[in-house]
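Notes follow the structure.
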Amino acid sequence: MGDITKGQTTFYSNAEGYWKDVAPTVDGMLGGYGKISDIDLNGSKAFLQKFLGEGEGKTGSGCALDCGAGIGRITKRLLLPLFSTVDLVDVTEEFLEQAKTYLAEGGERVGKYHCCGLQDFVPESGRYDVIWIQWVIGHLTDDHLVDFLQRCQKSLRPNGLIVIKDNVSYEGVVPDDVDSSVCRDLDIVHGLVSKAGLSIVHEEQQMDFPKEIYQVHTLALR
């Protein structure tokens, strides 16, 4: 990602510009693939429930963070049903404003709305049981992703969990000039996780997505 890193100001500003023109709807959040939302959320719930509960090593259900939250699709259907409090962070102010309406039912349990790019966001130390990072790591340079994961680790409660769910390419780094992002292969993602000082405790491929999109993998990190 050397070329992208050199032009990282443009890399980020182009992405912000792209998302400002996207409709604040579930279909907009999913790039026209709103039909996969239920499949996605059901897979995420089954994945996450492996870690929640009582007992040694289990993750608490007090507070979660939704990174790249958009209008709160994941917050509404995945995180709020499982956690007492959920915070949202997204770079697009219009999405977060729409989230306040979209999350009206149960919205009283939303803690904080943070309007910020993840490259600049510093989550509160020791606040979160789960940090959910979905379809947004491609908007961070390698170095910023490593730095962000390290900040996330410091913000976890005991036995807390960081979850990355994202597309992975078949080989190397594939840039997307439309939304100013990249898609990395699984080996590269693994390497960046390791560089951040985190370990992968579980990993799965999301099944039953359309064949024309890149594979989606979910990684639980500690």
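Side-chain atoms of Thr218 do not come within 3.5 Å of backbone N or O of Lys165 as any donor-acceptor pair. Between the side chain of Arg222 and the main chain of Val201, no donor-acceptor pair closer than 3.5 Å is present. Side chain of Asp129 to backbone of Gly62: a donor-acceptor contact under 3.5 angstrom is found. Using modelled atom types, one side-chain atom of Asp27 and one backbone atom of Gly34 make a donor-acceptor pair closer than 3.5 Å. Remark: side-chain polar atoms of Asp176 are not paired, donor with acceptor, to backbone N or O of Val182 under 3.5 angstrom. Checking side-chain atoms of Ser169 against main-chain N and O of Gly172 turns up a donor-acceptor pair under 3.5 Å. Under the 3.5 Å distance criterion, the side-chain polar atoms of Ser13 are matched with a main-chain donor or acceptor of Thr10. Using a distance-only test at 3.5 Å, with no hydrogens or angles considered, no donor-acceptor pair links the side chain of Lys195 to the main chain of Val146. The backbone N or O of His190 lies less than 3.5 Å from no partner atom in the side chain of Ser194, so there is not a single donor-acceptor pair.
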Take Lys50 and Glu204 through the test salt bridge (Lys or Arg N to Asp or Glu O under 4.0 Å) and record every step on the way to the result. CA-CA 12 Å; Lys50 292 178 171 69; Glu204 292 180 10; 3.0 Å; yes
Checking side chain to side chain contact (heavy atoms under 4.5 Å, CB included) for the pair Trp132/Ser44: CA distance, chi angles, key distance, verdict? CA-CA 10 Å; Trp132 193 271; Ser44 295; 3.4 Å; yes
Just do the side chain to side chain contact (heavy atoms under 4.5 Å, CB included) check on Ser61 and Leu82 with the steps written out, would you? CA-CA 6 Å; Ser61 58; Leu82 296 174; 5.9 Å; no
Start with the C-alpha distance between Trp135 and Leu30, add both sets of side-chain angles, then the distance that settles side chain to side chain contact (heavy atoms under 4.5 Å, CB included), and finish with yes or no. CA-CA 9 Å; Trp135 282 323; Leu30 294 175; 3.3 Å; yes
Please lay out, stage by stage, how Gln206 and Ile39 fare under the test side chain to side chain contact (heavy atoms under 4.5 Å, CB included). CA-CA 9 Å; Gln206 170 70 57; Ile39 298 170; 3.6 Å; yes
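Proximity of Leu48 to Leu79: side-chain heavy atoms (C-beta onward) are separated by under 4.5 Å at one or more points. Looking only at side-chain heavy atoms (C-beta outward), Glu203 and His217 come within less than 4.5 Å of each other. Counting only heavy atoms from C-beta outward, the side chains of Tyr128 and Pro123 approach each other to under 4.5 Å. Residues Phe148 and Ile137 form no side-chain contact, since every pair of their non-hydrogen atoms from C-beta on lies 4.5 Å or further apart. At least one side-chain heavy atom of Gln8 sits less than 4.5 Å from a side-chain heavy atom of His144. Asn42 places none of its side-chain heavy atoms less than 4.5 Å from the side chain of Lys45. Using a 4.5 Å heavy-atom cutoff, the side chains of Leu221 and Ser199 are not in contact. Put simply, the side chain of Leu192 reaches to within 4.5 Å of the side chain of Leu145, judged on heavy atoms.
Here the closest non-hydrogen pair linking Tyr12 and Thr141 is OH-N, 3.2 Å. Heavy-atom minimum distance, Leu52 versus Gly60: CD2-O, 3.7 Å. Shortest non-hydrogen contact noted between Met29 and Ile71 is SD-N, 3.6 Å. Here the shortest heavy-atom pairing between Gly68 and Asp90 reads C-OD2, 3.3 Å. Taking each heavy atom of Gly28 and Trp19 in turn, the nearest pair found is O-CZ3, 4.0 Å. The two residues Gly72 and Ala99 have their closest heavy-atom pair at N-CB, 4.3 Å.
Between the side chains of Arg73 and Ser37, a donor-acceptor pair is found at a separation under 3.5 Å. Judged by distance alone, the side chains of Gln134 and Asp40 do bring a donor and an acceptor atom under 3.5 Å apart. For the residue pair Thr75 / Arg109, no side-chain donor-acceptor distance below 3.5 Å is found, with atom types taken as modelled. In this model, no donor atom of one side chain and acceptor atom of the other lie less than 3.5 Å apart for Tyr102 and Glu97.
Applying the side chain to side chain contact (heavy atoms under 4.5 Å, CB included) test between Leu88 and each of Ile74, Leu65, Leu103 identifies Leu103 as the sole match. With Ile133 as the fixed residue, the side chain to side chain contact (heavy atoms under 4.5 Å, CB included) test singles out one of Ile162, Val163, Leu140, Asp66: Ile162.
Both Phe95 and Val110 are part of a single hydrophobic cluster, where members link through side-chain heavy atoms under 4.5 Å apart. By the rule that hydrophobic residues join a cluster once side-chain heavy atoms approach within less than 4.5 Å of another member, Val173 and Ile164 end up as members of one cluster. The same ILVMFWY cluster, assembled from side-chain heavy atoms under 4.5 Å apart, contains both Leu149 and Ile131. Cluster membership check: Leu186 does not share its hydrophobic cluster with Ile213, using side-chain heavy-atom separations under 4.5 Å among Ile, Leu, Val, Met, Phe, Trp and Tyr. Note on Val193: it does not cluster hydrophobically with Phe47, by side-chain heavy-atom contacts below 4.5 Å among ILVMFWY residues.
In this structure, Tyr214 has its ring center closer than 6.0 angstrom to the ring center of Tyr170. Ring centroid separation for the pair Phe11 and His139 does not come in under the 6.0 Å cut-off.
Atom CD of Glu105 is surrounded by 12 or fewer heavy atoms from other residues, nucleotides or ligands within 6.0 Å. No more than 12 heavy atoms of other residues, nucleotides or ligands shown are found within 6.0 angstrom of CD on Glu171. Counting non-hydrogen atoms of other residues, nucleotides and ligands closer than 6.0 Å to NZ of Lys35 gives a total of 12 or fewer.
Sorted pairs that involve residues 52-62 and meet salt bridge (charged side-chain N to carboxylate O under 4.0 Å, His left out), not counting sequence neighbours, are lacking altogether.
To the nearest 0.5 Å, atom CD of residue Glu108 and atom OG1 of residue Thr85 are 10.0 Å apart. Separating the CD atom in Glu212 from the CZ atom in Phe209 is a distance of 11.5 Å, to the nearest 0.5 Å.
Taking a cutoff of 4.0 Å between a charged side-chain nitrogen and a carboxylate oxygen, Arg127 and Asp87 qualify as a salt bridge. For Arg184 and Asp142, the salt-bridge test passes: some basic side-chain N is under 4.0 Å from an acidic carboxylate O. Note on Glu93 versus Lys20: no salt bridge recorded, every NZ/NE/NH1/NH2 to OD/OE distance being 4.0 Å or above.
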